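Below: the structure, in structure tokens.
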Amino acid sequence: SDAIGTVDSLLREIFSDIVGAVGFDEMPAVGDEIHLGQLHRSIYADLAISDAVTEELKLLMDAYPPGDYDDPPAPLFQRGLTICRQQRLSTAEFRDRLLATVEAVYPEGPPAEPDDLVDTLHRVLDDESATDLKDSLTAEETEAVLEADNELYENWREAIEAYLIVLEEYRARYQEAIREQLIVSHTDVAYLVASFLDGSHAATNLNSDLHERVLGRYRHRLQALIIDEAQDISTIQHDALTPLVESDTRVFLAGDLRQS
């Protein structure tokens, strides 16, 4: 039958069909931002007093001192979790992307000579500003900047490694907490639906009959799929819808690339 709704509402309906298979005792609340915020704060508060990541959190607190940043560094973990779910990244894959940012700034590694520092300036500033800054520095100042830049390189990589250790623990605790408290985000729903439908979730093989039934039911319903504001479809929503679209499914997307 014809249906009008949002992508989120469709994915929520599919999620309700697989909710037990992916580890929930009953259908959780979806998208309750107030309670999700409380859940994230609770996870971070527990981590802050946990012996498991004491050293890593101290390093991050030193890197994001109170007063210089708003509520450091707690929001980093919620954001990291969301990015990993939206883009379906393991913590190791997320690490590769973060370290790639460092390497983009320091493609030859930490600067060893003043000329290396000049090359870095030209990468991050326009040529005129880089030249003006270089010419304004004395030899002693150049050596001091070189030493500081080396320290920045090492501290940046060290902070990333510490962050990822904490994030891995945060992700594990989040998985437990959403099942205990029966609350999930829209991103969680899309992530779990995508993983179950494409077979990457461990529950798929354990529930192969359910997997086939759900695929069959929604493929039959979605003989035509029309999506407005398609530029707003996220990667994880796209991944969740993809297994439902067959070669003869009619798909029409309307969007504005200037808003993407």
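Heavy atoms only: backbone and side chains are in, while hydrogens, waters and symmetry mates are out. Remember, predicted model here, so these are calculated numbers, not experimental data.
Few gaps surround CG on D126; more than 12 heavy atoms of other groups in view lie less than 6.0 Å from it. Residue E93 qualifies as enclosed at atom CD: its count of foreign heavy atoms under 6.0 Å is above 12. No more than 12 heavy atoms of other residues, nucleotides or ligands sit less than 6.0 Å from atom NE2 of H238. Within 6.0 Å of atom CD in E161, more than 12 heavy atoms from other residues, nucleotides or ligands are found, so the atom counts as buried in its surroundings. By the 6.0 Å contact criterion, CG on L206 is enclosed, its count of non-hydrogen atoms from other residues, nucleotides or ligands being greater than 12. Around atom CD of Q38, more than 12 heavy atoms belonging to other residues, nucleotides or ligands sit under 6.0 Å away.
Taking CZ of R157 as the reference point, atom CG of L99 lies at 5.0 Å (rounded to 0.5 Å). Rounded to the nearest 0.5 Å, atoms CG (D62) and CG (L57) are 11.0 Å apart. Rounded to the nearest 0.5 angstrom, I18 CD1 and T204 OG1 are separated by 8.0 Å. Atom OG1 of T187 and atom CD of Q86 lie 4.5 Å apart (nearest 0.5 Å). A distance of 14.0 Å separates CZ in R95 from OH in Y163, rounded to the nearest 0.5 Å. In this structure, CD1 on I178 lies 6.5 Å from CG on L192, to the nearest 0.5 angstrom.
Put simply, the side chain of V105 reaches to within 4.5 Å of the side chain of W156, judged on heavy atoms. Counting only heavy atoms from C-beta outward, the side chains of H122 and D127 approach each other to under 4.5 Å. R85 has its side chain out of reach of I236: every pair of non-hydrogen atoms, C-beta onward, lies at least 4.5 Å apart. In this structure, the side chains of D17 and R217 come closer than 4.5 Å at one or more pairs of heavy atoms. Between Y64 and L76, some side-chain heavy-atom pair lies under the 4.5 Å cut-off.
Nearest heavy atoms, P114 versus T142: CB-CG2, 3.9 Å. Between E56 and A162, the shortest heavy-atom contact is CB-O, 3.7 Å. When all heavy atoms are compared, the tightest approach of Y191 to R88 is CD1-CG, 4.4 Å. In this structure, A112 and L146 approach most closely via the heavy-atom pair O-CD2, 3.9 Å. The two atoms that bring L222 and T249 nearest to each other are O-CG2, 3.0 Å, heavy atoms only. When all heavy atoms of L59 and A159 are compared, the closest pair comes out as CD2-CA, 3.7 Å.
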task = Evaluate the side-chain contact (heavy atoms from CB on, under 4.5 Å) criterion for residues Q237 and D8: first the C-alpha distance (whole Å), next the side-chain angles of each, then the deciding distance (0.1 Å), finally the verdict.
result = CA-CA 8 Å; Q237 288 175 320; D8 281 337; 3.0 Å; yes
inquiry  = For a side-chain contact (heavy atoms from CB on, under 4.5 Å) check, start with the C-alpha distance between L36 and I183, then their side-chain angles and the critical distance, and finish with the verdict.
reply    = CA-CA 7 Å; L36 281 167; I183 182 169; 3.8 Å; yes
message = Could you go through R12 and M27, starting from their C-alpha distance and side-chain angles, then the distance that decides it, and tell me whether this counts as side-chain contact (heavy atoms from CB on, under 4.5 Å)?
response = CA-CA 10 Å; R12 188 164 58 244; M27 182 67 181; 3.8 Å; yes
message = As a quick check of understanding, evaluate side-chain contact (heavy atoms from CB on, under 4.5 Å) for Q87 and F94, giving each step before the final call.
response = CA-CA 9 Å; Q87 301 185 29; F94 191 34; over 6 Å; no
task = Show the numbers, then the answer: is there a salt bridge (charged side-chain N to carboxylate O under 4.0 Å, His left out) between R173 and E180?
result = CA-CA 10 Å; R173 294 185 183 218; E180 290 174 357; over 6 Å; no
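Using modelled atom types, one finds a donor on one side chain and an acceptor on the other under 3.5 Å when comparing D198 with S200. R171 and Q175 form no side-chain donor-acceptor contact under 3.5 Å, judged by distance and modelled atom types alone. Counting only N and O atoms by type, the side chains of D188 and S185 include a donor and acceptor under 3.5 Å apart.
A donor-acceptor pair under 3.5 Å is formed between the side chain of S136 and the backbone N or O of L133. The backbone N or O of L210 sits nowhere less than 3.5 Å from a side-chain atom of N207 that would complete a donor-acceptor pair. Panel note: side chain S50, backbone D46; no donor-acceptor pair is recorded below 3.5 Å. Of the possible donor and acceptor atoms, none in the side chain of D149 sits under 3.5 Å from a partner among the backbone N and O of P110. R179 places a side-chain N or O within donor-acceptor distance of the main-chain N or O of V22, the cut-off being under 3.5 Å. Counting only distance, with no hydrogens or angles, the side chain of Y44 and the backbone of F77 share no donor-acceptor pair below 3.5 Å.
Between F24 and F15, the ring center distance clears the sub-6.0 Å criterion. Checked against the 6.0 Å centroid threshold, H40 and Y174 count as a close aromatic pair.
Both V102 and V124 belong to a single network of hydrophobic side chains, linked directly or stepwise wherever heavy atoms of I, L, V, M, F, W or Y lie under 4.5 Å apart. L39 and I49 are members of different hydrophobic clusters when ILVMFWY side chains are connected at heavy-atom separations under 4.5 Å.
Salt-bridge formation is not detected for the pair E212/R219: no Lys NZ or Arg NE/NH1/NH2 atom is positioned less than 4.0 Å from an Asp or Glu carboxylate oxygen. Here D119 does not pair with R123 in a salt bridge; the nearest charged N to carboxylate O distance is not below 4.0 Å.
Residue pairs that meet the side chain to side chain donor-acceptor pair (under 3.5 Å) test with at least one member in residues 108-117, sequence neighbours left out, do not exist here.
Listed by chain and number, the hydrophobic cluster partners of F252 are I226, where partners are ILVMFWY side chains within reach of under 4.5 Å, directly or through others.
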